[in-house]
Amino acid sequence: MTAVYGQDRVKQILDRSIRRNRHAHAYLFHGQAGLGKDTMAVALAMRLLCRQPDPWACGSCSECRRVMALEHPSFTLVHPVPSRPQSMKIGQYDEIIRGRLLSRMQNPYLPVDFHPELTTPPAIGIDQVRDMKKSVMLKTGESEHRVFIVSRAEQMSLAAANSLLKLLEEPPPRTLLVLTSNAPGLILDTIKSRCQNIRFDRIPRDIIAGVLQSERSLDSEKAGFFSRMAGGSLQRAFELAGEDFSVIRDQALAFFRQSLDSDAAAVLDYAAEAGRAKNRQQVITMLQLLRVILRDLLQTGLGFGDKATNSDRSELLTSLLVSYPRLDAETGITLVSEAIDYIGKNVYLPLVLTTLSNRLGQCKETGTVVYGKNT
Ligand SMILES: [Zn+2]
């Protein structure tokens with residue numbers, strides 16, 4: 001089973017209530033993607049079903065193994081799925097869904113991708129909730145508890161949500177329902193108020209760095225770098241580790257150069273392309289790298305270039321400072337952070353990028369000359 005990284009506070013809350021046999025009928029685990037909400041939900045299910053929980057599930061008994069294989073009669077994972085194309089046979093569709101959900105069980109920190117076979121946006125439909133309610137009514141006779149996880153609960157259709165609400169209004173005994181969500185604001189208040197809401201914390205950087213080293217075989221420098229960029233999300237850290245990092249960094253450097261050179265045409269090209277590709281996450285990565293570059297410039301300017309994260313590009317950093325001695329990197333960092341916020345709030349991508357570029361261009365004149373004084 002996958003370990004739950006970090007989340008000591010949440011573990012304590014759950015541990016205490018289970019020990020006292022006073023856990024809630026329903027929980028809503030919420031927080032940004034990649035914090036381990038589903039991992040914790042599975043760990044909680046296994047703890048309740050495991051033969052020898054000490055204090056958490058053993059991970060190796062037959063109960064634990066059947067949960068992991070999605071074959072335990074007292075455990076159900078409800079997950080958003082794309083709809084079945086008319087041309088696809090039911091058997092093949094079920095097999096694809098099952099395969100993807102099994103890999104999610106193996107690593108719940110990674111999102112499920114149903115491409116290329118299934119392409120419609122995933123959702124939780126009324127049928128899935130009805131099936132779940134049917135199995136709630138069945139007597140399994142095998143274990144004391146039954147656990148249902150509704151992952152990405154904000155993706156329930158309204159009909160599905162209303163059907164689930166009825167279950168929450170009259171919770172059957174010894175049944176635990178765990179909803180997880182990255183966007184609890186989109187869940188009906190009537191559902192939220194019937195769950196114990198538990199917010200998940202950012203995973204500490206050192207833990208993320210350790211996971212990247214052990215599971216992605218990154219060296220400590222790279223692992224540390226990505227862990228700083230991941231914002232406490234292990235999913236984000238895995239994505240960063242998988243991205244073609246040097247290409248995106250080159251994009252960041254090019255964008256920065258074009259901004260300083262007031263090369264509006266080049267910036268417009270890039271902004272339009274980014275808007276078309278609709279790959280907001282990659283643009284965010286680019287801007288995060290730009291922010292690191294600006295921090296490096298600040299340090300290099302103060303004579304601490306050896307501490308720069310991008311020390312392999314120190315010549316380039318120095319040449320930028322020579323070309324723009326009055327560069328205000330500090331304001332630049334603030335501007336880039338604001339742009340990342342705007343993108344997160346779904347502001348029109350090309351507009352964010354062109355505005356940022358404009359304002360970064362102004363930064364080249366507004367700083368005080370520090371470079372060269374301390375070196
Ligand atoms: Zn076990």
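Ligands are counted one by one from 1 in listed order, and the atoms in each one are counted from 1 as well. Keep in mind that this is a model prediction, so the values were computed, not measured. The figures that follow rest on heavy atoms only: side chains count, while hydrogens, waters and symmetry mates do not.
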Restricting to pairs with a member in residues 212-225, which pass side chain to side chain donor-acceptor pair (under 3.5 Å), not counting sequence neighbours?
Tyr5-Glu215

Using modelled atom types only, decide if a donor and an acceptor are shared between the side chain of Thr175 and the backbone of Pro171 within a distance under 3.5 Å.
no

Tell me whether Tyr93 at atom OH has more than 12 heavy atoms from other residues, nucleotides or ligands lying less than 6.0 Å away.
yes

Under the salt bridge (charged side-chain N to carboxylate O under 4.0 Å, His left out) rule, what do Glu239 and Arg236 come out as? Steps first, then yes or no, please.
CA-CA 5 Å; Glu239 284 168 358; Arg236 186 77 193 107; 3.4 Å; yes

Would the distance check show the side chain of Arg100 and the main-chain N or O of Asp113 forming a donor-acceptor pair, the cut-off being under 3.5 Å?
yes

Relative to the Zn ion (ligand 1), how many protein N, O or S atoms have a separation of less than 2.8 Å?
4

I'd like to know if Lys166 and Glu169 make a salt bridge, using a cut-off of under 4.0 Å between side-chain N and carboxylate O.
no

